[in-house]
Amino acid sequence: MKKFFGSLFGGLVLGLPLAYWWIGYDSITYSQFNLAGVDEVIVREMDFDFVFYASLLVVAIAAALFIFWSWVEKKKRRTFLPQ
């Protein structure tokens with residue numbers, strides 16, 4: 001359980017800044033004007049492509065960390081076993 005949550009936390013810590021840097025978050029903002037040309041509504045939407053690709057990147061990094069952690073534990077166990 002510790003390995004799973006540690007890998008997930010590491011994926012978040014490494015994946016979100018990388019996603020922000022590589023993919024680039026673009027907030028979608030547009031204005032709706034009334035008949036007099038005055039702002040009636042300013043709409044801010046989430047960039048769903050960014051959220052999707054960032055979540056894929058976080059999961060991929062977490063999986064890679066989990067596999068690496070398992071490999072290190074297996075190597076550590078193998079070196080301490082009697083021959």
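Below, each value reflects all heavy atoms present in this structure, side chains not excepted, and no hydrogens, waters or symmetry copies. Position 1 is the first residue of the sequence, and the numbers go up from there. The model shown is predicted, which means the values in this text are computed figures rather than measured ones.
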Path from [X] to [Y] over hydrophobic side-chain contacts below 4.5 Å:
X: L18; Y: L12; value: no
X: I67; Y: V72; value: no
X: F5; Y: L65; value: no
X: Y20; Y: F52; value: yes
X: V51; Y: Y53; value: yes

Seminar exercise, completed: On a heavy-atom basis, the closest approach of A62 and L8 is CB-CA, 4.0 Å
Exercise. Which heavy atom in I61 sits nearest to a heavy atom in G10, and how many Å separate them?
Worked result: CG2-O, 4.4 Å
For this session: Please collect all side chain to side chain donor-acceptor pair (under 3.5 Å) contacts where either partner lies in residues 3-15, sequence neighbours excluded, each pair once.
Result: K3-S70, K3-E73
Problem set entry | Interatomic distance, L57 atom CG to I23 atom CD1 [nearest 0.5 angstrom] | 6.0 Å
